[in-house]
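Not measured: the values here are computed from a predicted model.
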Amino acid sequence: MKKIVLTLIAVALSASFAFAQDLAQATETYNNGANSLSAGDKNAALEYFQKALTLATACGEDGAELVGNIKNVIPNLTLSIAKDFVKESKFDEAVAQIEKAVAVAKEFGADEIVAEAETLGPQVLMSKASSLFSAKDFANAAEAFKAVLASDPTNAAAALRLGQALNSLGDKDGAIAALEQAAANGQEANANKLLSTVYLQKAQASLKAKNFAQVIEAAEKANEYNESANAYKLAASAASQLKDNAKAISFYEKYVELAPNAKDASGVKFTIAALYQQAGNKAKALEFYQKVASDATYGAQAKQQIDALNK
């Protein structure tokens with residue numbers, strides 16, 4: 001019986017010694033992590049802390065305090081590595097690391113780290129998208145801005161840039177949708193200017209394709225967002241091609257009203273006078289011929305028409 005008791009005591013002492021060894025190893029590994037962190041090697045430090053956590057957890061209650069310390073360190077360190085990637089403009093690596101930080105912070109109950117990481121994620125995506133946009137890599141920039149908007153549809157700055165990127169890629173309809181989204185979320189003034197430009201470009205393309213009805217439609221949309229002399233001029237040219245003199249006159253009049261000093265202002269006024277003359281509106285024809293009676297290019301012709309109309 002005495003021999004059995006002694007054996008049990010030996011086993012207990014052996015187990016106690018083994019636990020002490022395991023805890024010492026966990027502590028040493030933790031300290032190696034702390035030393036690596038002090039030396040600025042965050043990745044090595046993180047590996048040490050993760051190993052130390054496994055070792056300390058196996059020690060049960062004896063390792064509980066060390067486990068608590070490690071669980072406070074790992075989420076912060078994981079997010080800190082992500083921030084370093086951001087500083088180096090390694091945006092894809094940063095996004096992946098942020099996802100790791102969120103996962104480990106949720107596992108360890110580090111709610112503050114979860115909140116910070118989830119806030120940082122969209123900011124990194126925005127930085128990536130903006131960097132691509134500045135480099136004129138519009139295709140990849142567009143995809144990156146879409147990723148930003150997928151996580152936050154109210155990000156007006158991302159929607160605005162997406163609209164610009166898509167417009168540069170020739171996707172006018174996509175650009176319009178993005179810019180309308182930007183306008184709805186606080187970027188109305190900037191978005192409207194860009195929307196006007198996109199519709200103006202559509203009008204120019206339609207004029208080149210001799211689709212005159214679409215020219216007028218696009219030009220009028222451009223003016224809804226931001227009134228433009230060029231839009232009126234395009235619409236007037238299209239209306240003239242469609243033999244819609246009433247609309248042509250209206251659009252030309254708005255053009256010279258907005259751009260009175262344009263190089264072709266005298267020529268446009270002469271055209272307006274001729275259109276009024278064709279429409280049988282003698283008074284308005286005279287009014288516009290008189291506006292260019294002293295013009296070096298159109299004056300002589302204008303005076304002839306004035307004389308003819310006054311007979």
Side-chain angles (χ1 to χ4, degrees), residues 132-143 145-146 159-183 187-279 285 288 291-292 295 297-298 301:
L132 291 167
F133 185 88
S134 296
K136 300 188 185 302
D137 185 352
F138 298 121
N140 286 317
E143 292 306 310
F145 284 125
K146 287 176 183 177
L160 192 73
R161 288 295 195 189
L162 175 59
Q164 290 176 289
L166 291 174
N167 188 46
S168 295
L169 293 169
D171 182 358
K172 302 299 183 187
D173 292 337
I176 288 167
L179 293 171
E180 286 175 345
Q181 185 176 355
Q187 282 278 1
E188 186 174 3
N190 290 329
N192 284 353
K193 288 179 182 178
L194 291 169
L195 279 163
S196 180
T197 298
V198 173
Y199 275 111
L200 191 59
Q201 291 169 347
K202 289 188 75 170
Q204 290 168 335
S206 295
L207 185 63
K208 187 175 181 180
K210 297 184 179 181
N211 193 329
F212 302 119
Q214 285 188 6
V215 173
I216 295 172
E217 182 182 346
E220 288 181 325
K221 286 293 292 184
N223 282 329
E224 285 179 20
Y225 288 107
N226 190 47
E227 198 172 34
S228 151
N230 285 338
Y232 282 117
K233 185 179 179 181
L234 285 167
S237 297
S240 294
Q241 291 292 332
L242 293 171
K243 307 302 181 185
D244 189 342
N245 289 350
K247 276 191 175 181
I249 289 170
S250 175
F251 291 138
Y252 276 134
E253 285 186 328
K254 288 296 295 183
Y255 172 70
V256 294
E257 178 186 327
L258 292 176
N261 298 317
K263 290 182 179 179
D264 62 350
S266 294
V268 170
K269 290 173 187 176
F270 187 87
T271 299
I272 294 170
L275 290 172
Y276 270 127
Q277 188 174 3
Q278 290 173 23
F288 277 88
K291 290 178 185 289
V292 293
D295 184 78
T297 303
Y298 298 97
Q301 290 175 278

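The distance from atom CZ of F145 to atom CZ of R161, rounded to the nearest 0.5 Å, is 6.5 Å. To the nearest 0.5 Å, atom CD of residue E220 and atom OH of residue Y225 are 13.5 Å apart. Rounding to the nearest 0.5 angstrom, the gap separating the CG atom in N211 from the CD atom in E217 is 9.0 Å. To the nearest 0.5 Å, the span separating CD on E143 from CG on L162 amounts to 9.0 Å. Separating the OH atom in Y199 from the CG atom in N226 is a distance of 14.0 Å, to the nearest 0.5 Å. Rounding to the nearest 0.5 angstrom, the gap separating the CD atom in E180 from the CG atom in N192 is 9.5 Å.
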Cut-off 3.5 Å, no hydrogens considered: what does the side-chain donor-acceptor table look like for residues 244-252, sequence neighbours left out?
residue : atom : partner : partner atom : Å
D244    : OD1  : K247    : N            : 3.3
N245    : ND2  : Q278    : OE1          : 3.4

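D264 is linked by a salt bridge (charged side-chain N to carboxylate O under 4.0 Å, His left out) to K233, counting only residues two or more places apart in sequence or in another chain. Annotation: ring-ring contact (aromatic ring centres under 6.0 Å, His included) contacts of F270 (sequence neighbours excluded): Y289, Y298.
Partner Y255 forms a side chain to side chain contact (heavy atoms under 4.5 Å, CB included) with one of I272, V268, L234 and no other, that one being V268.
Side-chain contact check for I176 versus K202: some heavy-atom pair is nearer than 4.5 Å. No side-chain heavy atom of K193 sits less than 4.5 Å from a side-chain heavy atom of T197. Proximity of K243 to F212: side-chain heavy atoms (C-beta onward) are nowhere separated by under 4.5 Å.
Side chain of N223 to main chain of S228: a donor-acceptor pair is present (N/O by atom type, distance under 3.5 Å, no hydrogens or angles).
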Exercise for the section: Decide side chain to side chain contact (heavy atoms under 4.5 Å, CB included) for E253 and Y276; before the verdict, give the C-alpha distance in whole Å, the side-chain angles of both, and the deciding distance to 0.1 Å. Expected result: CA-CA 11 Å; E253 285 186 328; Y276 270 127; 2.9 Å; yes
Problem - Verdict with supporting geometry, E227 and K254, salt bridge (charged side-chain N to carboxylate O under 4.0 Å, His left out) - result: CA-CA 10 Å; E227 198 172 34; K254 288 296 295 183; 3.5 Å; yes
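Closest approach of A218 to A203, counting heavy atoms only: CB-N, 3.7 Å. The shortest heavy-atom contact between A222 and L200 is CB-N, 3.9 Å. Scanning all heavy atoms of the two residues, the minimum distance from D295 to S266 falls at OD1-OG, 3.0 Å. Across all non-hydrogen atoms, the minimal contact from A265 to V256 is O-CG1, 4.1 Å. The two atoms that bring L179 and A191 nearest to each other are O-CB, 3.4 Å, heavy atoms only. Pairing each heavy atom of A175 with each of N167, the nearest pair is CB-N, 3.7 Å.
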